[in-house]
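In this text the structure is predicted, and so the values were computed from the model without any measurement.
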Amino acid sequence: MIKYLIIEGQNKLLVELEYLTVQRREDVADDLKYAVSLGDLRENTKIFFSSFLHKKRKVFDKLSNLSFIL
């Protein structure tokens, strides 16, 4: 099924793409830096990295989808 974008829809997706590219990527990196700054992560490694990878995957999946659409 072919879908067409109107200018407003394209602009909305471009704004979201910019937000994900700049802000969300930085947020994910900041989460990792904060956790490392707390020190020993061995106790919470599985929980932390599972959560971190989930956030990262969501951001990059969305980026990939938007890039494909645009």
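- N65 meets the side-chain contact (heavy atoms from CB on, under 4.5 Å) test with no other residue; sequence neighbours excluded.
- Minimum interatomic distance between T21 and L17 (heavy atoms only, all atoms of both residues): OG1-O, 2.7 Å.
- Between atom CG of residue L13 and atom OG of residue S67 there is a gap of 10.5 Å, rounded to the nearest 0.5 Å.
- With sequence neighbours left out, I6 forms a side-chain contact (heavy atoms from CB on, under 4.5 Å) with E8.
- Residue pairs satisfying the salt bridge (Lys or Arg N to Asp or Glu O under 4.0 Å) criterion with at least one member in residues 15-25, sequence neighbours excluded, are listed as follows: E16-K62, R24-D27.
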Name every donor-acceptor pair, under 3.5 Å, that has one atom in a side chain of residues 53-60 and the other anywhere in the protein, sequence neighbours excluded.
unit_1: K55; atom_1: NZ; unit_2: D31; atom_2: OD2; d: 2.9

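- Partners of K12 according to the side-chain contact (heavy atoms from CB on, under 4.5 Å) rule, which considers only residues two or more places apart in sequence or in another chain, do not exist here.
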